[in-house]
2 protein chains.
Amino acid sequence: MAVTISDVAHAAGVSKGAVSYALNGQPGVSAGTRERILQAAKELGWKPSLRAKGLSSAKAFALGLVVARDPSLLGTDPFFPAFIAGIETALSEHDYTLVLSVATGAGAEERCYRKLAENGRVDGFLLTDVRHDDSRIPLLQELKLPAVTLNRPDSDSPFPAVSMDDCAGITAAVEHLVALGHTRIAHVGGGQEYIHGRSRRQAWESALATAGLPADLFEAADFTAAGGMAATAELLRRTDKPTAIVYANDLMATAGQYYAQTQGLSVPGDLSVTGYDNADFTQYLNPPLTTVATEPMLWGRVAAQVLLNQLSNSHDGEDTVLQAPTLLVRASTGPAPAGEAAPNAPVPPHYTCTQQAPQHPDTPPTLCFP
Amino acid sequence: MAVTISDVAHAAGVSKGAVSYALNGQPGVSAGTRERILQAAKELGWKPSLRAKGLSSAKAFALGLVVARDPSLLGTDPFFPAFIAGIETALSEHDYTLVLSVATGAGAEERCYRKLAENGRVDGFLLTDVRHDDSRIPLLQELKLPAVTLNRPDSDSPFPAVSMDDCAGITAAVEHLVALGHTRIAHVGGGQEYIHGRSRRQAWESALATAGLPADLFEAADFTAAGGMAATAELLRRTDKPTAIVYANDLMATAGQYYAQTQGLSVPGDLSVTGYDNADFTQYLNPPLTTVATEPMLWGRVAAQVLLNQLSNSHDGEDTVLQAPTLLVRASTGPAPAGEAAPNAPVPPHYTCTQQAPQHPDTPPTLCFP
DNA sequence: ATGAAAGCGCTAACAG
DNA sequence: CTGTTAGCGCTTTCAT
């Protein structure tokens with residue numbers, strides 16, 4: 001930390017200002033002088049101080065991520081680590097860092113955002129787990145910080161969104177089950193305060209509608225194992241109990257599958273089960289779980305990139321739509337039990353490979369990252 | 001950000017310096033003046049700028065955590081989210097934040113530490129996943145930043161450690177299996193480059209020695225599901241195959257249990273299995289996994305606290321030992337198969353509740369957090 | 001005990 | 001185009 005901009009200026013025989021311009025590639029310095037300055041900087045091993053830069057330019061060179069989940073839930077969700085790793089790949093190219101906060105408890109979330117903003121810790125936020133009528137959107141407008149939302153909020157939002165089509169994954173799961181002859185396909189939903197909880201439910205409803213089946217087997221839960229288990233118990237108590245359950249995430253599916261088995265049901269013999277997220281452990285369940293593979297790492301990278309572009313005013317403001325997730329068919333789904341014979345064409349007992357979820361024509365991908 | 005220290009100084013009729021002293025509770029200002037200054041600051045709603053503070057005092061007010069795991073492994077590990085949540089609880093009381101980096105790929109880790117240090121992003125580091133002869137320890141000494149290690153490194157380290165006794169958990173698992181009559185108790189180890197991979201292996205060896213059993217059924221793996229599965233396959237191929245396997249983490253145990261079942265073995269009828277970490281999903285496996293419950297959240301809180309104390313020179317330099325983890329007995333462990341009858345006293349077929357791991361007398365807890 | 005003033009290292013407005 | 005200079009908001013030394 002010894003060598004400063006003044007040292008370089010001296011060495012190059014110019015003023016501090018010239019060095020600053022030279023370094024940042026701004027006009028105001030001739031090519032020759034610039035070369036000389038950069039040379040001097042290199043020789044002295046000058047590393048500009050981020051702190052001083054931050055003070056004078058009022059920037060933090062950091063992005064914020066506030067996670068408002070219960071730690072126990074967090075721990076089971078494969079989403080965040082991969083998402084963060086993705087963010088990192090984008091940030092590391094730009095000398096930005098990630099400031100992570102875990103806010104637990106009521107009010108803690110808002111306080112967290114406020115504190116990071118007021119202390120000038122970050123230049124923008126990545127908003128995950130977007131909720132219905134999310135209060136963070138007006139909050140961030142008030143705080144005057146840019147942001148990127150994961151999926152488009154259902155309230156007015158000035159922030160660009162980076163979305164991954166939930167609908168496609170759930171639709172693929174339902175279509176898969178319908179093809180296997182199931183007619184009573186239930187859904188255990190995630191928290192309906194989350195837009196991804198809602199959209200997955202709606203996707204389930206409309207996929208059933210398309211198949212000409214009623215969407216009357218819904219049970220709300222909260223993305224937790226305990227909630228998934230309770231919801232499953234409720235569904236299996238019904239006289240018209242389902243032969244297949246589409247869960248809004250893997251954790252609930254895991255708990256639901258477990259519960260069904262403890263009740264003496266065979267999976268998939270008596271009950272087919274699908275999850276969502278493709279958590280690593282799901283392939284080692286008995287039976288391995290059919291689930292929807294999202295790409296959280298890609299999501300993180302793109303979201304961070306979009307936010308960085310905003311900060312440098314090089315973002316067009318458009319939403320970004322990522323490639324739709326993919327259904328991974330494993331052994332937790334099978335033909336509907338006898339007596340529920342397929343109303344459609346005969347189907348093979350098992351799919352053996354990944355099938356691509358259909359792209360939804362009504363969500364025009366303005367941009368598609370590979 | 002409108003109101004600055006000068007405004008407050010004007011309002012209180014003093015100089016900037018006085019305001020600074022008053023705010024930081026330093027001597028150099030009389031009680032009366034201090035009161036007046038604080039009053040003025042409150043009225044104006046003054047928030048001191050962290051950036052300016054950072055520049056003039058050469059501090060970052062942030063702690064760094066560099067995670068060098070493969071994102072896919074990260075996603076399945078319940079440790080980090082809870083650990084981070086724990087860190088947060090300690091930091092939020094002190095206006096510190098967490099800068100998180102995920103470094104993947106060779107060399108990325110060191111670059112990450114260097115960059116954070118050179119850019120003055122953090123005032124200290126939390127070192128997790130400590131390795132044998134860990135190169136980060138000399139690195140951080142070179143970078144002249146304080147740190148806290150999770151568990152005491154096996155090389156000389158000037159940094160205080162916050163430890164949780166691995167030995168106790170594994171010992172409890174082995175003792176539990178021995179009590180169930182098992183005599184061929186294998187261990188699938190985690191990466192032996194990690195000190196917790198090593199210590200768990202050593203704990204397994206010495207627990208077997210104590211029981212008068214040979215420790216010849218060891219298979220090295222790498223904490224991943226795939227590795228755990230391969231190691232399990234290897235063990236089960238042996239002619240003297242084990243009747244119980246102690247895994248170094250839950251993910252390997254899950255994969256191992258799955259593999260055994262695919263081979264037609266009953267768990268725990270033919271093979272008992274124990275995990276480590278108490279990942280949430282383990283209670284929904286079939287059968288639910290007997291595992292060791294660590295407390296990552298507590299660990300994070302204490303580690304951050306110790307590091308903060310170091311920064312304020314109020315740390316005594318002693319290591320901190322947390323309460324030993326606890327064995328959670330669930331259905332993946334049971335009596336040894338017939339023909340392997342218990343050499344000891346008859347045992348109940350199942351423990352039904354948590355049993356406290358014995359405290360190890362040879363690791364004197366210098367401090368024990370509740 | 002108090003106040004003035006000199007940095008911290010950089011950016012950007014402003015003369016030359 | 002180039003170089004000078006005044007901040008950014010705080011800490012801390014040094015006279016008073």
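Residues forming a side-chain contact (heavy atoms from CB on, under 4.5 Å) with B:Arg121 (at least two apart in sequence, or on another chain): A:Leu50, A:Phe61, A:Ala62, A:Thr97, B:Leu116, B:Asn119.
Checking A:Glu43 against A:Gln39 by side-chain atom types alone, a donor-acceptor pair falls below 3.5 Å.
Note on B:Thr33: only backbone sugar-phosphate atoms sit closer than 4.0 angstrom, heavy atoms only; bases stay farther off. Nucleic acid contact for B:Gly13: sugar-phosphate only, since backbone atoms but no base atoms lie under 4.0 Å from a heavy atom of the residue.
Atom-to-atom, CZ of A:Arg51 to P of C:dT11 comes out at 15 Å; the value is rounded to the nearest Å. The NE2-P distance, from A:His10 to D:dG3, rounds to 13 Å in whole Å. In this structure, the CD1 atom of A:Ile37 is 13 Å from the P atom of C:dT11, given to the nearest Å.
Using cut-offs of 30° and 60° on the angle between ring planes, the pair A:Phe83 and A:Phe79 is parallel.
Not one N or O on the side chain of B:Arg301 forms a donor-acceptor pair closer than 3.5 Å with the backbone of B:Ala85.
With respect to the salt-bridge test (charged N to carboxylate O, under 4.0 angstrom), the residues B:Glu110 and B:Arg136 do not qualify.
Each of B:Leu55 and B:Arg36 lies near DNA chain C, and the nucleotide nearest B:Arg36 is the one positioned closer to the 5' end.
Heavy atoms from other residues, nucleotides or ligands lying under 6.0 Å from CG of A:Asp316 number more than 12.
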Margin query: Within the 4.0 Å limit for protein heavy atoms, which parts of nucleotides 11-16 of chain D are touched? Write it as a string from 5' to 3', B for base, S for sugar-phosphate only, - for none.
Written below: BBB---

